[in-house]
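Single-structure report; data block below.
Throughout, protein chains are lettered first and strands after them, A, B, ... in sequence-line order, and every chain is numbered starting at 1.
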Amino acid sequence: MRTRFAPSPTGRLHLGNLRTALFNFLLARGSGGAFLLRVEDTDAERSSDAAAALVLDDLKWLGLTWDEGPDTGGPVGPYAQSERSGIYGEYLDRLRASGHCYPCWRTDTELKAFRRKCLAAGRPPIYDREWARLPEDEVARRESAGQRPVFRFRVPDTGALESEDCIRGRQSFALADIGDFVLQRSDGTPAFFFGNALDDALMSVTHVLRGEDHLSNTPRQILLLDALGLPVPVYGHLPLLLGEDGRPMSKRRGSAGMGEFRAAGLFPEAVANYAARLGHAFESGDLMTLDELARHFSLDKVGRAPARYDPIQLEHWQGLAVQAASDPRLASWAGESAFRDVPDGMRERFLGLVRPNVHRPADVAGWAEILFGRGPAFSAEVEAVLADAGPEFFRAALEGLESGDHGLAAITGAVKRRLGVKGRALFRPLRLALTGAESGPELAPILEILPDETVRSRLGRWV
RNA sequence: GCUCCCUUCGUCUAGUGGUAAGGACUCCGGCCUCUCACGCCGGCAACAGGGGUUCGAAUCCCCUAGGGAGCGCCA
């Protein structure tokens, strides 16, 4: 089994592409097959090397390593379409020779007008073959005049094409609904249908998982490959991904992209585990490695209904990833600067203390600052609660602190004896005085990790 | 406009003629604890609507509604 991911480097990966890449990766890895990467950079206008580099970097970050690709090479390269123009020319000639394609000189503006007219007349905008039967000498005349045509594939106008989608089952398309599509642009570069299908065949790709938006493109590619006598891969169409609002994900806007995910400090396994469950059902609700995901990935567990991006669920996987990360990894995730205020030798204890309370690197830095740096910040509400607890509360707390082992029990014991408060009334003011926050790491270890001096001053402030 | 696809708790989903319609996230309650968070346990909550077929439909068929995609010298 050979699968591939074929991004066009026109921007950063978003959740949709990422999930397509992931599913192809999981399918290949789960079957012991190969996963290849092919860059579809034939649109010079929109593609850039910088974007390509970012895409590769994002894939690596996720852990989706490829067996063959533009950087690693492989037996059926090159793996960037911009380097394969000779191949496309060769196969286009074959199609021309066999009568499967023809040049078309219709201009862009003529085409647009034609489409408008069709739509207005209530007809599908299917190309009308105006140029399909141009006499030989006229073709020759135009070519020698240096006018560059596009080349269109001649689609049979009757009959139906059946194919088996490995996710949706049997599909049937009426050929009459399919117009003669462009194989080669007038600048000589291959159009998507051509380059994409041809490369899959030439690279011996056996399975293609792609977005549902390609579903109605499938018959074109099959027709093309059949005309060339090349093997047709098994196609499977993944349900669409919708934005938070249930509308299609906008290409430009939206926060569901790799740029945002990485900048936010998400763990790659959090992103992968979340994406893996968008349109695929796994039995386990545990955080899994890519290998484990691959082992449990199955085409018949892929869904057909569109899924909605839900950042709350992504956050759940991030929480699991934080809990599962090793100490060193968590530390490097938090970043060196997060520990600026943490005394030497305290890092591990500190990290263990805050781990259950953080989802982002900034959360770690935030706790470091509260505990060891600038100290807690008090909102008006918090100050009110603290004032309400009263000076007597904190005098007792300080007494307790000095009397015992400087631990939590000594403090709470003293306050309880003096004021008779317990439960929330006892713990909330202490937590607030020490951290300024209503929730956070456990109090006992906080007291152990904080210098006596600090505790004294934080409690003393409210006396 | 034409062709195709999709529709189970708020969200992600299990389910392929007989289930009390299951799980996860969110939310709520309890426990850990004399506090909050973490964790654990429990609870609320769904078959888009209408017709068939069948002893029996979430599951099969038809229609309706809603959503989406494609019909590009974009991929």
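Under the 3.5 Å distance criterion, with hydrogens and angles disregarded, no donor-acceptor pair is assigned to the side chains of A/Y274 and A/D310.
Annotation: the span from A/L293 atom CG to A/L22 atom CG amounts to 7.0 Å, rounded to 0.5 Å.
Rounded to whole Å, the P atom of B/A65 lies 16 Å from the corresponding atom of B/G49. Comparing the P positions of B/G10 and B/C47 gives an interatomic distance of 8 Å, to the nearest angstrom. Spacing between B/C61 and B/C25 at atom P, rounded to whole Å, works out to 35 Å. B/C71 and B/G15 have their P atoms separated by 32 Å, with the value rounded to a whole Å. Distance check on atom P: B/G23 versus B/A14 gives 15 Å, rounded to whole Å. For B/U16 and B/G42, the C1' atoms lie 32 Å apart once the distance is rounded to whole Å. B/C44 and B/U26 are spaced 12 Å apart, taking the C1' atom of each and rounding to whole Å. A gap of 39 Å separates the C1' atoms of B/U54 and B/G1, to the nearest Å.
Residue contacts for A/G440: at a heavy-atom cut-off of 4.0 Å it reaches a base atom on one of the strands shown. Among the atoms of the strands shown, none is found under 4.0 Å from any heavy atom of A/F173. In this structure, A/R210 reaches neither bases nor backbone, as no heavy-atom distance under 4.0 Å exists between it and the strands shown. Looking at heavy-atom distances under 4.0 Å, A/S8 makes contact with sugar-phosphate atoms alone, never a base. A/H237 comes within 4.0 angstrom of no nucleic acid atom, judged by non-hydrogen atoms across all strands. A/T189 comes within 4.0 angstrom of nothing in the nucleic acid, heavy atoms only. A/V150 comes within 4.0 angstrom of a nucleotide base, judged by non-hydrogen atoms across all strands. At the heavy-atom level, A/D43 lies under 4.0 Å from the strands shown only through sugar-phosphate atoms.
Scanning both residues, A/A197 and A/L225, for their nearest heavy atoms gives O-CD1, 3.6 Å. For the residue pair A/K301 and A/H296, the shortest heavy atom distance occurs at NZ-O, 3.9 Å.
Taking every side-chain heavy atom of A/S439 into account, B/C36 is the closest of B/C71, B/C36, B/U35. If you check B/C74, B/U26, B/U35 against the side chain of A/L443, the one that comes closest is B/U35. The side chain of A/L240 lies closest to B/A69 when the candidates are B/C36, B/G72, B/A69. Nearest nucleotide to the side chain of A/R431, out of B/G70, B/C36, B/C34: B/C36. Set against B/C74, B/U35, B/C25, the side chain of A/F427 has B/U35 as its closest nucleotide. Nearest to the side chain of A/R247, among B/C25, B/C73, B/G68, sits B/G68.
A/H207 has its ring centre no less than 6.0 Å from the ring centre of A/F35.
If you take CG of A/D177 and C1' of B/G1, they are 12 Å apart, rounded to a whole angstrom. Atom-to-atom, CZ of A/R152 to C1' of B/C71 comes out at 12 Å; the value is rounded to the nearest Å. The interatomic distance linking A/H316 (NE2) with B/C27 (C1') rounds to 15 Å, in whole Å. To the nearest angstrom, P of B/C71 lies 20 Å from CG of A/D157. The separation between A/E315 atom CD and B/C25 atom C1' is 12 Å, rounded to whole Å. Taking atom CD on A/E442 and atom P on B/C34, their separation rounds to 14 Å, with Å as the unit. Note: CD (A/E438) to P (B/C36) measures 11 Å, nearest angstrom. Separating the CG atom of A/N357 from the C1' atom of B/C38 is a distance of 7 Å, rounded to the nearest angstrom.
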Using a cut-off of 4.0 Å between protein heavy atoms and nucleotide atoms, how would you tag nucleotides 5-13 of chain B 5' to 3' with B, S and -?
BSS---BSS

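Where A/A444 and A/F192 each meet RNA chain B at their nearest nucleotide, the meeting point lying more 5' is that of A/A444. Mapping A/W317 and A/A174 onto RNA chain B by nearest heavy atom places A/A174 at the nucleotide closer to the 5' end.
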Check against side chain to side chain donor-acceptor pair (under 3.5 Å), A/D199 and A/Y88
CA-CA 9 Å; A/D199 285 343; A/Y88 306 124; 2.5 Å; yes

When you look at A/F297 and A/F23, which way does the ring-ring contact (aromatic ring centres under 6.0 Å, His included) test go after all the steps?
CA-CA 8 Å; A/F297 182 85; A/F23 278 28; 5.2 Å; yes

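Pair assignment for B/G70: B/C2, on the basis of Watson-Crick or G-U wobble contacts that are both within less than 3.5 Å. In this structure, B/G43 forms a base pair with B/C27, meeting either the Watson-Crick or the G-U wobble geometry with both donor-acceptor distances under 3.5 Å. Searching all strands for a Watson-Crick or G-U wobble partner of B/C9 with both distances below 3.5 Å returns nothing.
Between the A/Q318 side chain and the A/G265 main chain, a donor and an acceptor come within less than 3.5 Å of each other. A donor-acceptor pair under 3.5 Å is absent between the side-chain atoms of A/D327 and the main chain of A/E348, judged by distance alone.
Within residues 216-223 of chain A, the residues that place at least one heavy atom under 4.0 Å from RNA chain B are, in residue-number order, A/S216, A/N217, A/R220.
Ring planes of A/Y235 and A/H237: parallel class, angle under 30° (limits at 30 and 60°). Ring-plane geometry between A/F394 and A/W462 is classed as tilted, the angle between the planes lying from 30 to 60 degrees on a 0 to 90 degree scale.
When the shell of 6.0 Å around CD of A/E90 is examined, it contains more than 12 heavy atoms from other residues, nucleotides or ligands.
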